[in-house]
S.K.: 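Quick one: the structure is below, and I'll ask about it shortly.
This chain uses plain numbering: 1 for the first residue, then up along the sequence. What you see below is based on every heavy atom in this structure, not just the backbone, and it leaves out hydrogens, waters and symmetry mates.
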Amino acid sequence: MKAYGIFIGTGDELLRLRNLESLGLNGNRFNDSALSSLKGLSSLKSLDIAYNKLEGSFNVTELDALINLERLDLEGNEIDKFVLSKDTRGFGNVSFISLSQSTSNGRALPFTLLQSLTKFPNLRTLYLDENNLEGSFGTTLDKDLASLKNLEELDLSFSTVDNSFLQIVRKITTLKSLRLNGCRLNGSIPKAQEFAGLSQLKHLQNLEMSGNDLSGALPWCLANLTSLQQLHMSSNNFVGDISFSPLTSLTSIRELSLSDNHFQIPVSLSSFLNHSQLKYFDGSNNEIYVEELEEHNLAPKFQLENNTNLNELHLVNNSLSGTFQLPIHPHQNLNELDISNNNFESHIPREIASYFPSLILLSMSDNHFSGHVPSSFDFLLYLRVLDLSNNNISGTLPSFLNSSDLLHVYLSRNMLQGSLEHAFQKSFDLITLDLSHNHLTGSIPKWIGESSQLSFLLLGYNNLHGSIPTQLCKLNKLSFIDLSHNNFSGHILPFLRFKSIIRFILRGGYPSEFNLRKPLVIATKSLSYPYPPSILYYMTGMDLSCNSLSGAIPPEIGNLNHIRVLNLSNNHLIGPIPQTLSNLSEVESLDLSNNSLNGEIPPQLVQLHFLAYFIVANNNLSGKTPDMVAQFSTFNKSSYEGNPLLCGPPLLNSCTKEVPPPPPGPSTDEKEESSVIIDAQVFCVSFVVTYIMVLLGIAAVLYINPDWRRAWFYFIEKSINTCYYFVADNLLKPFRIREWKPLV
């Protein structure tokens, strides 16, 4: 039984809860003075008072009666120390204490608190994660912590720890689990005695040091950790060939994570041939190389060797190439296989399902696979995540993709053809269906309405047609729908529903990282962005752009008040922009451009304070643009251009009806120059017209009167003869004399 948000009064009232074993009071305003109210809970085994107002000393004597208490969660308080007397009976059986997030505002975890932990003789699990531990260690603390002879689990993840603390931790020889993820540890392990001291933890089974800045090669002293079963060292700067590292000696290892380092890993994984317990290996984002294999006379190629107990294999972004070769023996226990972002080519092996029949996750994205989806996928009975995106896979969607366990399907950016009619009919629990950027045809099938869990439906950039089916209105968990760049027609559905926050709960208790784990490419703000899963949990939107949709924008769209992206551009929509769009209080991108919308832009849209991208260009809108306030002050004229009847800033069209004042008159010199230019023009025109009129008048007179005509031609002939003899007698005479002069 748990009690949340209650005030517990006197001990008499608690007599009715004398059998209570678990009590949760986290997230209240519980303070030190209220601790005495818990005295009557003598059967209590677990007490959670995290994130309250507990400060300073925690007086355990107030809870002396809690002799059966085993778990104490004080996370998110600011306790300086535990106060226990020699006669204190309570807390003697406490085996779990959480002091996570006990520091704030740069405050270091008090040394007195760490020292007082030694008064819990049976403490086995201690959480100090997300604290500032720098300068928290006194000169005697190493001896004190060494007295915690039963401590088995210590979590310091995401705390600020100096390397000297590891000298103290090594004294806790009973430790079985040590987590140092994200603790800002740095330097090279071989050069730091602090790290070498970890080899004294002979009973250590779990060591996590991911997300630090550690460098260099792994020290051989780690080979002394013969009990180690889980080792997580991802996201550091380690180097070296793992074939010549202490990892080859850790034959009891079950989980090994080396991703995001600079290790050299042999493609055959021959270094782990003797690791019969290994079930999980993640070597993604390192350097994979092909070694010369002597055994079995194998040619260099990708092999999953010998270890049939392997549960998970992640080899992401390792420059693997060639054809994907299946292992020699089937791997009945392999649940996850991720070989994405490599250079594999040719077909997906037809027998892949028979070699990996237990696959829950299969990711082969971002390679160069071609051909059809193998029909053997029909035998992957437990498959929940299928990612074949960004390949060259062709053919139609196979009808055998109908597993009822399928949750996330990524087949985008391939060359798939045909319709959606026969695939995924029985995949009622689908959460993500991404078939965008293919060559699919036909319409959206009616079975889509039966996928009640569907949250992300991406069918953009295909050749789909027909109307948008009303069955989509049944999807009450829809978060993002992309039908852009198709040939859909008809009206926009008015009753689509969108959820604001998506929480995926998988059947069977699989971990949270098994949920939506791949970024989705979503078009917002006129560009396409890959959104990681952490953002997609809050991403809602609808993209119906570049289709042939008609009719008016339904006012009911304004009810989608959690939507962040709305793109209806490049359709044939008519009518006004609904005023109800001002209810989209969380919208960040709104694109209504390239339609036939008319009327005024609702001035209420200025209430959209999160709007970062807004465009209504190329419509038939009229009236005044929205006031240049809040977010609308950031939009330029490109948001409104192509609407001739639209006016107001940032457009140059003024909305005022007053006649603008005439420009100032020219100066006296300008007037004189202007008049001269005008007279010259008049003169030229008058001269040409007069000349033409004279010629026409002479021609008319000569045509009418024959006597004047003969006299005119006689005058012309006489004038020609006179001119000729004048030229001959005066200008050509010297040339004739020079030409006929007799020779002597």
S.K.: Less than 4.5 Å apart, any side-chain heavy atom of L178 and any of L204?
M.R.: yes
S.K.: Quick check against the 3.5 Å criterion: does N236 have a side-chain atom that pairs as donor or acceptor with the backbone of F238?
M.R.: no
S.K.: Is it true that a side-chain atom of N311 and a backbone atom of N333 form a donor plus acceptor pair closer than 3.5 Å?
M.R.: yes
S.K.: Do side-chain atoms of N212 reach the backbone of C183 as a donor and acceptor pair under 3.5 angstrom?
M.R.: yes
S.K.: Among S100, S98, S157, which residue meets the side chain to side chain donor-acceptor pair (under 3.5 Å) test with D129?
M.R.: S100
S.K.: Between N261 and M233, which heavy-atom pair has the shortest distance, and what is it?
M.R.: ND2-O, 3.0 Å
S.K.: Does the plane of the ring in Y461 sit parallel, tilted or perpendicular to the ring in H485? Use 30° and 60° as the thresholds.
M.R.: parallel
S.K.: Search all heavy atoms of L218 against all heavy atoms of P246 and return the closest pair with its distance.
M.R.: O-CD, 3.7 Å
S.K.: Would you compute the distance between atom NE2 of H203 and atom OG1 of T226 and round it to the nearest 0.5 angstrom?
M.R.: 9.5 Å
S.K.: Working to the nearest 0.5 angstrom, can you tell me the gap between D405 CG and L381 CG?
M.R.: 8.5 Å
S.K.: How far apart are the closest heavy atoms of I242 and L258, and which atoms are they?
M.R.: CG2-CD1, 4.1 Å
S.K.: How far apart are the closest heavy atoms of F356 and L334, and which atoms are they?
M.R.: CD2-CD2, 3.7 Å
S.K.: Counting only N and O atoms by type, is there a donor-acceptor contact under 3.5 Å from the side chain of D241 to the main-chain atoms of S243?
M.R.: yes
S.K.: Could you walk me through whether S340 and D366 pass the side-chain hydrogen bond (donor to acceptor under 3.5 Å, both in side chains) check?
M.R.: CA-CA 6 Å; S340 59; D366 297 279; 5.7 Å; no
S.K.: Side chain to side chain contact (heavy atoms under 4.5 Å, CB included), that's the test. Do L361 and N335 meet it? Break it down for me.
M.R.: CA-CA 6 Å; L361 180 147; N335 297 138; over 6 Å; no
S.K.: With the side chain counted from C-beta on, respond yes when N392 and M415 share a heavy-atom pair under 4.5 Å apart, and no when they do not.
M.R.: yes
S.K.: Report the distance from atom CG of L407 to atom CG of L454, rounding to the nearest 0.5 Å.
M.R.: 11.5 Å
S.K.: Rounded at 0.5 Å granularity, tell me how far CZ in R384 sits from CG in D429.
M.R.: 8.5 Å
S.K.: Please assess L151 against L175 for the test side chain to side chain contact (heavy atoms under 4.5 Å, CB included), listing each intermediate value before the final yes or no.
M.R.: CA-CA 6 Å; L151 191 64; L175 271 183; 4.2 Å; yes
S.K.: Give the C-alpha distance, both sets of side-chain angles, the deciding distance and a yes or no for side chain to side chain contact (heavy atoms under 4.5 Å, CB included) between L362 and L383.
M.R.: CA-CA 8 Å; L362 175 60; L383 191 65; 4.1 Å; yes
S.K.: If you take all heavy atoms of N391 and M364, which pair is closest and at what distance?
M.R.: ND2-O, 3.1 Å
S.K.: Could you tell me whether the side chain of R413 reaches within less than 4.5 Å of the side chain of S436, counting heavy atoms only?
M.R.: no
S.K.: Would you find a donor on one side and an acceptor on the other, under 3.5 Å apart, between the side chain of N181 and the backbone of S210?
M.R.: yes
S.K.: With heavy-atom distances below 4.5 Å as the criterion, would you say the side chains of H314 and E336 are in contact?
M.R.: yes
S.K.: Can you tell me if D73 uses its side chain to pair, donor with acceptor, with the backbone of E75 under 3.5 Å?
M.R.: yes
S.K.: Would you call the rings of F369 and F324 parallel, tilted or perpendicular, where under 30° means parallel and over 60° means perpendicular?
M.R.: perpendicular
S.K.: Using a 4.5 Å cut-off on heavy atoms from C-beta on, say whether the side chain of L320 contacts that of F344.
M.R.: yes
S.K.: Pick from Q205, K176, R179, R124: which one makes a side chain to side chain donor-acceptor pair (under 3.5 Å) with E153?
M.R.: R179
S.K.: Start with the C-alpha distance between N343 and S321, add both sets of side-chain angles, then the distance that settles side-chain hydrogen bond (donor to acceptor under 3.5 Å, both in side chains), and finish with yes or no.
M.R.: CA-CA 4 Å; N343 295 310; S321 59; 5.9 Å; no
S.K.: Donor-acceptor pair, S227 side chain versus K202 backbone, under 3.5 Å?
M.R.: yes
S.K.: Do any N or O atoms from the side chain of N342 and from the backbone of L315 form a donor-acceptor pair under 3.5 angstrom?
M.R.: yes
S.K.: Examine distances only and state if a side-chain atom of S455 and a backbone atom of Q453 form a donor-acceptor pair shorter than 3.5 Å.
M.R.: yes
S.K.: Looking only at heavy atoms, which two atoms of Q277 and S252 are closest? And how far apart?
M.R.: CB-O, 4.1 Å
S.K.: Check whether any side-chain heavy atom of S589 sits under 4.5 Å from a side-chain heavy atom of R564, and report yes or no.
M.R.: no
S.K.: For a side chain to side chain contact (heavy atoms under 4.5 Å, CB included) check, start with the C-alpha distance between L435 and L397, then their side-chain angles and the critical distance, and finish with the verdict.
M.R.: CA-CA 10 Å; L435 303 175; L397 280 173; 4.0 Å; yes
S.K.: Does the side chain of L416 come within less than 4.5 Å of I393's, by heavy atoms?
M.R.: yes
S.K.: Only one of T432, L388, L386 passes side-chain contact (heavy atoms from CB on, under 4.5 Å) with Y410; say which it is.
M.R.: T432
S.K.: Can you tell me if Y51 has over 12 outside heavy atoms packed within less than 6.0 Å of its OH?
M.R.: yes
S.K.: Report the distance from atom CZ of F379 to atom CD of E351, rounding to the nearest 0.5 Å.
M.R.: 12.0 Å
S.K.: If only atom types and distance count, is the side chain of D378 paired as donor or acceptor with the main-chain N or O of S376 below 3.5 Å?
M.R.: no
S.K.: With rounding to the nearest 0.5 angstrom, report the CG to CG distance, N462 to N438.
M.R.: 5.5 Å
